Amino acid sequence: MTETADSPRSRPDFTDPPVIEVALSVGFSPLLRYANAHSGLFSRRFAETFASVEEHPPYSIPPVRESRETQPEIEIVDGPPPIRTWLIANDGSELLQLQRDVFAHNWRKTGPRQEYPRYESVRARFKKYFQAFVEFVGEEGLGTVEPNACEVTYVNHIPIGEHLQASGNLEELITLWAWPHTTFLRKPNEARFAAQFVIRDDNDRFVGHLNVDGRPAYRRSDNGGIVVLSLTARGLPADDGVDGVLSFFDLGREWIVRGFTDLTTPKMHRVWGRVR
């Protein structure tokens with residue numbers, strides 16, 4: 001995860017990070033008058049950038065609570081379930097996701113030589129399109145966008161081979177993983193890792209969670225073995241409107257970058273070219 005060098009806290013930096021996707025998402029109170037056709041109307045505003053349209057099952061950002069003690073979520077739905085619409089950029093590297101209670105912007109690596117454009121660029125693109133979406137909702141008389149949850153997700157692909165010998169050798173990748181010496185069980189041929197951390201602001205108030213997940217998989221391009229390491233910061237907007245959403249994104253990105261560095265090993269840091 002490469003970050004700019006002008007951070008007041010000097011974030012960790014890598015010259016060749018394994019990140020292949022970054023997603024910024026915001027959830028809001030359902031726009032009950034929003035129909036799937038509205039996604040098509042919105043897409044016309046950026047038709048030159050997003051030439052392809054796909055439909056997918058809806059996505060729900062889980063409720064943000066500090067405690068696991070939760071009440072059942074009951075949603076009364078009038079009409080068919082919502083469809084999540086993908087607007088895909090011409091080169092496939094940019095994606096907008098639209099539905100009546102979620103808006104998301106993704107950057108995706110589409111080739112081995114493509115560089116991560118930095119968080120600041122992804123953030124600026126999200127802001128541009130989300131503000132346009134909020135204006136569209138108001139102009140169409142669909143209600144008011146009231147953000148209630150935010151997500152920042154970084155997805156990393158770590159190839160199995162020269163530096164990570166097997167997907168079961170997570171101690172080569174994850175600092176918290178260590179396989180004990182046993183008399184019967186050998187190292188697993190595959191292993192998964194999952195952890196959750198509480199995110200607090202500078203005043204020690206709960207604002208969300210950092211979820212980490214590592215699991216074996218295969219690349220679609222060449223069927224090569226990889227470990228997919230995903231980090232998602234999910235939390236509450238810092239304030240009303242787009243500024244409150246962006247403020248959580250900034251905090252979530254901070255936790256992801258620093259958490260990624262804490263959780264991964266010095267050996268892999270050298271592979272990724274850590275410079276600070």
Side-chain angles (χ1 to χ4, degrees), residues 1-3 11-12 14 16-27 56-64 84 86 92-95 97 102-110 112 114-119 122-123 126 149-160 163-164 166-177 188 190-199 207-221 224-235 248-265 268-269 271-272 274:
M1 275 156 231
T2 306
E3 302 298 335
R11 296 182 191 90
F14 300 89
D16 188 22
V19 60
I20 60 98
E21 183 167 8
V22 176
L24 303 179
S25 310
V26 57
H56 293 263
Y59 172 73
S60 178
I61 297 179
V64 180
R84 179 165 44 125
W86 284 16
S93 66
E94 195 172 11
L95 167 70
Q97 302 185 59
V102 173
F103 181 94
H105 173 266
N106 300 50
W107 167 82
R108 304 184 297 183
K109 188 172 184 176
T110 57
Q114 183 183 6
E115 294 185 359
Y116 170 45
R118 307 276 183 156
Y119 166 79
V122 179
R123 181 188 191 272
F126 171 91
C150 305
E151 281 187 348
V152 183
T153 297
Y154 279 57
V155 181
N156 303 275
H157 282 184
I158 296 93
I160 296 171
H163 305 293
L164 182 62
S167 60
N169 290 11
L170 282 188
E171 72 275 10
E172 295 180 322
L173 174 64
I174 302 295
T175 56
L176 300 182
W177 180 273
E190 288 189 354
R192 298 187 177 189
F193 171 81
Q196 184 181 85
F197 305 86
V198 172
I199 298 176
V207 294
H209 290 103
L210 174 65
N211 295 282
V212 185
D213 179 85
R215 62 185 62 204
Y218 294 94
R219 275 191 304 255
R220 292 181 180 178
S221 59
I226 58 174
V227 170
V228 180
L229 181 61
S230 302
L231 297 92
T232 296
R234 180 181 300 120
F248 178 82
F249 285 167
D250 294 343
L251 179 63
R253 171 273 211 124
E254 180 85 17
W255 275 72
I256 286 175
V257 171
R258 294 186 179 280
F260 173 84
T261 306
D262 279 356
L263 288 170
T264 50
T265 61
M268 299 308 295
H269 294 175
V271 173
W272 301 323
R274 183 176 180 183

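Since the model is a prediction, treat every value here as computed from it, not as a measurement.
- The distance between the ring centers of F260 and W255 does not fall below 6.0 angstrom.
- Interatomic distance, NE2 of H105 versus CG of L95, reported as 8.0 Å (0.5 Å rounding).
- Under a 3.5 Å cut-off, the side chain of T175 and the backbone N or O of D262 do form a donor-acceptor pair.
- With hydrogens and angles ignored, the 3.5 Å screen pairs a side-chain donor or acceptor of T265 with a backbone N or O of E172.
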Practice task
Tell me, with the steps shown, if F193 and V227 meet side-chain contact (heavy atoms from CB on, under 4.5 Å).
Solution key: CA-CA 10 Å; F193 171 81; V227 170; over 6 Å; no
Problem - CA sep, side-chain torsions, deciding dist, call: Q97, F103, side-chain contact (heavy atoms from CB on, under 4.5 Å) - result: CA-CA 6 Å; Q97 302 185 59; F103 181 94; over 6 Å; no
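- For the residue pair Y116 / Y154, a side-chain donor-acceptor distance below 3.5 Å is found, with atom types taken as modelled.
- Here CG of N169 is found 12.0 Å from CD of E190. Values are rounded to the nearest 0.5 Å.
- Contact between A191 and P216 at its shortest, heavy atoms only, is O-CD, 3.5 Å.
- Atom CD of residue E21 and atom CG of residue N156 lie 10.5 Å apart, to the nearest 0.5 angstrom.
- Residues S25 and I61 come closest through the heavy atom pair CB-CD1, 4.3 Å.
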Practice task
I would like to know whether I174 and L229 meet side-chain contact (heavy atoms from CB on, under 4.5 Å); could you show each step before the answer?
Solution key: CA-CA 10 Å; I174 302 295; L229 181 61; 4.2 Å; yes
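- N106 and E94 share no donor-acceptor pair across their side chains, judged by distance under 3.5 Å alone.
- Under the 3.5 Å distance criterion, with hydrogens and angles disregarded, a donor-acceptor pair is assigned to the side chains of H269 and T264.
- When all heavy atoms of A233 and I199 are compared, the closest pair comes out as CB-CD1, 3.9 Å.
- Taking all atoms of both residues into account, the shortest heavy-atom contact from W272 to P18 is CE2-CG, 3.7 Å.
- Distance alone, capped at 3.5 Å, places no donor-acceptor pair between the R123 side chain and the F249 backbone.
- Counting heavy atoms from C-beta outward, S230 and V212 have side chains that stay 4.5 Å or more apart.
- At least one side-chain heavy atom of L210 sits less than 4.5 Å from a side-chain heavy atom of I256.
- The minimum heavy-atom distance linking R192 with W177 is given by the pair O-CZ3, 3.7 Å.
- Atom CZ of residue R253 and atom OH of residue Y119 lie 6.0 Å apart, to the nearest 0.5 angstrom.
- Ion pairing between R234 and E151 holds under the 4.0 Å rule for side-chain N and carboxylate O.
- A distance of 11.0 Å separates OG1 in T261 from CZ in R11, rounded to the nearest 0.5 Å.
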Practice task
Apply the test side-chain contact (heavy atoms from CB on, under 4.5 Å) to residues I226 and I158: give CA-CA distance (whole Å), side-chain angles for both, the deciding distance (0.1 Å), then the verdict.
Solution key: CA-CA 5 Å; I226 58 174; I158 296 93; over 6 Å; no
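- Counting all heavy atoms, side chain and backbone alike, V122 lies closest to P117 at CG2-CG, 4.1 Å.
- Side chains of V19 and K109 form no contact here, defined as non-hydrogen atoms less than 4.5 Å apart.
- Distance CZ/R219 to CD1/I160: 9.5 Å, rounded to 0.5 Å.
- Checking side-chain atoms of E254 against main-chain N and O of D250 turns up no donor-acceptor pair under 3.5 Å.
- The shortest distance between side-chain heavy atoms of L263 and F197 falls below 4.5 Å.
- For the side chain to side chain donor-acceptor pair (under 3.5 Å) test with Q196, the passing option among T232, N211, D213 is N211; the others fail.
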